[in-house]
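The structure appears below as structure tokens.
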There are 4 protein chains.
Amino acid sequence: MSAPTGASGPREPVRRPARTARTRAKLFDAAITLLGERGPAHVSIDEIAAAAGVSKGTVYYNFSSKADLVAKVLESGVDLMEERLRSIPDGSDPVDRVADMVGRALEFLAEYPSFTRLWMSEMWRPASQWQTELSALRDRLLSLIREGLQAVARVHDVDPAVPVEQLAVTLMGSTMFAGLSRDNHGPALERDTAVAVVMTAVRGWVRD
Amino acid sequence: MSAPTGASGPREPVRRPARTARTRAKLFDAAITLLGERGPAHVSIDEIAAAAGVSKGTVYYNFSSKADLVAKVLESGVDLMEERLRSIPDGSDPVDRVADMVGRALEFLAEYPSFTRLWMSEMWRPASQWQTELSALRDRLLSLIREGLQAVARVHDVDPAVPVEQLAVTLMGSTMFAGLSRDNHGPALERDTAVAVVMTAVRGWVRD
Amino acid sequence: MSAPTGASGPREPVRRPARTARTRAKLFDAAITLLGERGPAHVSIDEIAAAAGVSKGTVYYNFSSKADLVAKVLESGVDLMEERLRSIPDGSDPVDRVADMVGRALEFLAEYPSFTRLWMSEMWRPASQWQTELSALRDRLLSLIREGLQAVARVHDVDPAVPVEQLAVTLMGSTMFAGLSRDNHGPALERDTAVAVVMTAVRGWVRD
Amino acid sequence: MSAPTGASGPREPVRRPARTARTRAKLFDAAITLLGERGPAHVSIDEIAAAAGVSKGTVYYNFSSKADLVAKVLESGVDLMEERLRSIPDGSDPVDRVADMVGRALEFLAEYPSFTRLWMSEMWRPASQWQTELSALRDRLLSLIREGLQAVARVHDVDPAVPVEQLAVTLMGSTMFAGLSRDNHGPALERDTAVAVVMTAVRGWVRD
DNA sequence: AATGAATGAGCATTCATTCAT
DNA sequence: CATGAATGAATGCTCATTCAT
């Protein structure tokens, strides 16, 4: 299973970037899987290096520290997820668009269960810890959801007692728990059913 | 702030000298805070012992291993939360009872933010890891929610496309994310508003 | 050869100090030898532990870091040397007392050649590095020499163009180089001859 | 401040492209400073390369190993110092010539404090270590001093109890300590005073 | 002549765990 | 009950060195 190397792209216009890019991709792949399965603390750099087929030194040549590697992996995962959620075609009813977002998110979570677990367990740590702004990553996704909900609020009559901001947070929670639960119990749950379950909240919010 | 040592229940032959009980309480307190703040992997037994004001040996006199300590802490937290959620008076409309549960859960999460964070990041780990049945703990809470929802389904017309089982999972997700978010952003969000936000899902489910 | 564990003494009145004291002594012994022979950078903690017959962890149980160990070794060596130089009986002519000091210093250097080399190579490092005040250690010895010279100046007519302060520094240099040289070329050089050579400077200073 | 690259002499076939020469000079400069400040063990090739503004590979293109670089730096420093001390005009009283040597040495040490510190801390290491013959370097300087002293002995009545050989060693020690001390305490000490202090030993030796 | 990516051995340090007292 | 000294396996990280380009 390939890791969400997403937005890394052709970053440096240097002389021998191909080699580096390949190395990094291999590391991302290996890292995401291991980190997600056992959690950062229970995976050693040695293991990641071995899984990626490079030497330990190479990890440190490409990432400044273990924390940096974890952060970069998390970041690239969120990049990729965001990209997917952003690419939803305009036009349909805002509620359908939110449903689409939820569906795509669930797909993504099913595709990268390791990322999901990793993201889940790091997400709410006091921001300081993995120096990257985990909260910034979180906020990027939350903004996306919020925007979707705001679009809904613009064309529908919604419960004014429910702050969009907060609804976005709970929606994110529902989606992630649904995704993790699906992963845990096998593909028992249809994608559409899962979406329906999560969307229940949106339907309860809209009062038309 | 004291840790949720509460419901450890009459697990051990009660006539354990008082000293032990006090020692354990101190350890639970210290452990819960540190573990929640930084995650089990980033807290050493030394630190916990120091924070509890006992020697390292004492930790091992009272718990068989670090994993055991973490498991016991998690377990006692879930015990306490469960107890609180169970003690909801009968009689009112099932929807109100679910709302009450959500409210109490949010209160609990606010009271023990460290436990919340710890629980959150361990919750979805492949069950093997901390040998305790993390999933068993999860299921105990999920059952509670499920029962609440089933009671709702018994007296209300609910969306048949939404499996109660799954709705319970997403409700748990919403609640925990709401709780964590509240903790992160200060007490900005009123308890009742938070409850309303989470309950949106239930309202969307009920079709009366 | 035993290390200059000197002033460590019965430091802590704790419960089981004997074991600790013995462990530390073994470590000092092993450390001084290895550090002096190859320099701190070329001796690993593993080696020191092995030479002392303890485990690596024990080193860290007793010293907070490698730098700390080096610093403590240096300190205890200087302690011991100072002690020896201080114990010179009063009464004789100040010049003889200085000669006595030089002689004892040379003896000490011959006794602990490893310490000598270590001390020599660390002595003039920019004070910051081994956080201990290396310069403080240096100054302790310099003060001793300076006092000896001042006593000389009090009863003899000395060259006023030569600051005592500076003469002390050069005397220290002569002595250490003489000591190292003696160590390098075997015991070829008699103690008394070596003293005479170093004392040449004092004799040139006194103009009676 | 430029490093004492000076006397590297006509070692390599002179028609080495200018580029190499410049590269080496930059490396010498960077190396001398860093090595002196922190000691060889605490300076990495990366740092030296960076400070010299070249890539790491370039260091290895120009020097066979780190030890080689250190050795070459040391060697070229001693070369330069020796050159300066040799160029003292004949004619005057041998004692004055020795004083002149001491003065020039002190000047040199003040000019290249980094070299001084490096030289000082490596000087007395068991010869094996930096495979260069450190002792050979030392001996070159000692010979110079010895010759100066022998000239003195030829025209003056000197203390026969003091072997010239040994006096040379202590003179070297005095001079280096004086130099280092001057560097440490700022230029507080006049050159001439410093010379006078060191020369005290010679004056004590001459009995006219 | 120079570079930078990759390497892997080496090392300081941490930490759960044991055990004699 | 409790402690603190000791352990040793595990691990993050550094760095001299190599080599294809």
Side-chain angles (χ1 to χ4, degrees), chain A residues 12 14-24 41-49 54-69, chain B residues 16-20 22-23 41-49 54-69, chain C residues 12 14-24 41-49 54-69, chain D residues 16-20 22-24 40-49 54-69:
Chain A
E12 287 123 27
V14 270
R15 241 198 325 147
R16 275 156 298 181
R19 203 168 166 208
T20 299
R22 236 179 309 124
T23 300
R24 287 210 180 146
H42 296 96
V43 179
S44 71
I45 291 290
D46 280 274
E47 278 174 298
I48 295 176
V54 300
S55 80
K56 197 200 314 214
T58 300
V59 177
Y60 283 91
Y61 185 76
N62 284 284
F63 300 92
S64 66
S65 67
K66 186 180 184 181
D68 180 44
L69 172 56
Chain B
R16 183 78 60 165
R19 183 136 69 120
T20 299
R22 241 181 302 123
T23 299
H42 296 96
V43 180
S44 69
I45 292 289
D46 278 275
E47 277 175 298
I48 295 175
V54 302
S55 81
K56 194 188 337 202
T58 302
V59 177
Y60 281 88
Y61 184 80
N62 284 282
F63 300 92
S64 68
S65 69
K66 186 182 184 180
D68 179 43
L69 172 56
Chain C
E12 287 122 28
V14 269
R15 239 192 334 141
R16 276 156 296 181
R19 203 167 166 210
T20 298
R22 236 179 308 123
T23 300
R24 288 210 178 147
H42 297 94
V43 179
S44 71
I45 291 290
D46 279 273
E47 280 174 298
I48 295 175
V54 302
S55 80
K56 196 198 318 210
T58 300
V59 176
Y60 283 90
Y61 185 76
N62 284 284
F63 301 91
S64 67
S65 67
K66 186 180 182 179
D68 180 44
L69 172 56
Chain D
R16 182 79 60 167
R19 184 137 66 120
T20 299
R22 242 181 301 123
T23 299
R24 283 207 185 164
H42 296 96
V43 180
S44 69
I45 292 289
D46 278 274
E47 277 175 298
I48 294 174
V54 302
S55 80
K56 196 192 329 206
T58 302
V59 177
Y60 281 88
Y61 184 79
N62 284 282
F63 299 93
S64 68
S65 69
K66 186 182 184 181
D68 179 43
L69 171 56

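Heavy atoms only: backbone and side chains are in, while hydrogens, waters and symmetry mates are out. Lettering of chains follows the sequences in order, A, B, ..., and the numbering in each one begins at 1.
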Exercise for review: Quickly work out the His42(C) NE2 to dA9(E) P distance and round it to whole Å.
Suggested key: 19 Å
Check your understanding: Picking from dT17(F), dA5(F), dT14(E), which would you name as closest to the side chain of Tyr60(C)?
Key -> dT14(E)
Practice item. Tell me which of Gly57(C) and Ser44(D) sits closer to the 5' end of DNA chain F, going by the nucleotide each one is nearest to. Key: Gly57(C)
Revision key, fill the gap. When rounded to whole Å, the CG to P distance for the pair Asp46(B) and dT7(F) reads 16 Å
Check your understanding: Got a sec, which residues hit ring pair (Phe, Tyr, Trp, His ring centres under 6.0 Å) with Tyr60(D), two or more places apart in sequence or on another chain?
Key -> none
**Study point:** Phe63(B) CZ to dT18(E) C1', straight-line distance once rounded to whole Å
**Key:** 18 Å
Review point. Considering only dA12(E), dG12(F), dT3(E), which nucleotide approaches the side chain of Ser55(D) most closely?
Key: dT3(E)
Study note, to complete from the structure: Exactly one candidate in Ile48(B), Thr23(B), Asn62(B) meets side chain to side chain contact (heavy atoms under 4.5 Å, CB included) with Val54(B); the answer is Thr23(B)
Point to revise | Length of the NZ-P vector between Lys66(B) and dT18(E), whole Å | key: 15 Å
Review point. How long is the line joining CZ of Arg22(C) and P of dA5(F), in whole Å?
Key: 13 Å
Review point. Roughly how far, to the nearest 0.5 Å, is the CG atom of Leu69(B) from the OG atom of Ser65(B)?
Key: 8.0 Å
Point to revise | Given DNA chain F, 5'-ward residue of the pair Ser64(D) and Val54(C), judged by closest heavy atom | key: Val54(C)
Review point. Residues in side chain to side chain contact (heavy atoms under 4.5 Å, CB included) with Ser55(C), at least two apart?
Key: Thr58(C)
Review point. In dot-bracket form, how is DNA chain F paired, counting a Watson-Crick or G-U wobble pair only if both its distances are under 3.5 Å and using | for bases paired to another strand?
Key: .||||||||||||||||||||
Review point. Looking at CD1 of Ile45(A) and NZ of Lys56(A), how far apart are the two atoms once the value is rounded to the nearest 0.5 Å?
Key: 8.5 Å
Check your understanding: Whole-Å distance between dA5(F) P and Asn62(C) CG?
Key -> 8 Å
Check your understanding: In terms of side-chain heavy atoms of Tyr61(A), which of dT17(F), dC15(F), dA6(E) is nearest?
Key -> dA6(E)
Exercise for review: Give the minimum heavy-atom separation between His42(B) and Glu47(B), together with the two atoms involved.
Suggested key: O-OE1, 3.9 Å
Practice item. Figure out the CD/C1' separation between Glu47(D) and dT14(F), and round it to whole Å. Key: 11 Å
Check your understanding: What nucleotide, of dA9(F), dA2(E), dT17(E), holds the atom closest to the side chain of Thr58(D)?
Key -> dA2(E)
Review point. Looking across every strand, which nucleic acid part, if any, lies under 4.0 Å from Val59(A) by heavy atom: base, sugar-phosphate, or nothing?
Key: nothing
Revision key, fill the gap. From CG of Asp68(B) across to C1' of dT17(E) the rounded distance in Å is 13 Å
Revision key, fill the gap. Residue set satisfying side chain to side chain contact (heavy atoms under 4.5 Å, CB included) with Ser64(B), at least two apart, ordered chain then number -> Asp68(B)
Check your understanding: Which nucleotide in the set dA5(F), dT17(F), dA6(E) lies at the smallest distance from any side-chain heavy atom of Ile45(D)?
Key -> dT17(F)
Practice item. Establish, with yes or no, whether the OP1 or OP2 oxygen of dA6(F) is under 4.0 angstrom from a side-chain nitrogen or oxygen of Thr23(C). Key: yes
Practice item. Side chain of Lys56(D) only, please: which of dA12(E), dT17(F), dA5(F) is the nearest? Key: dT17(F)
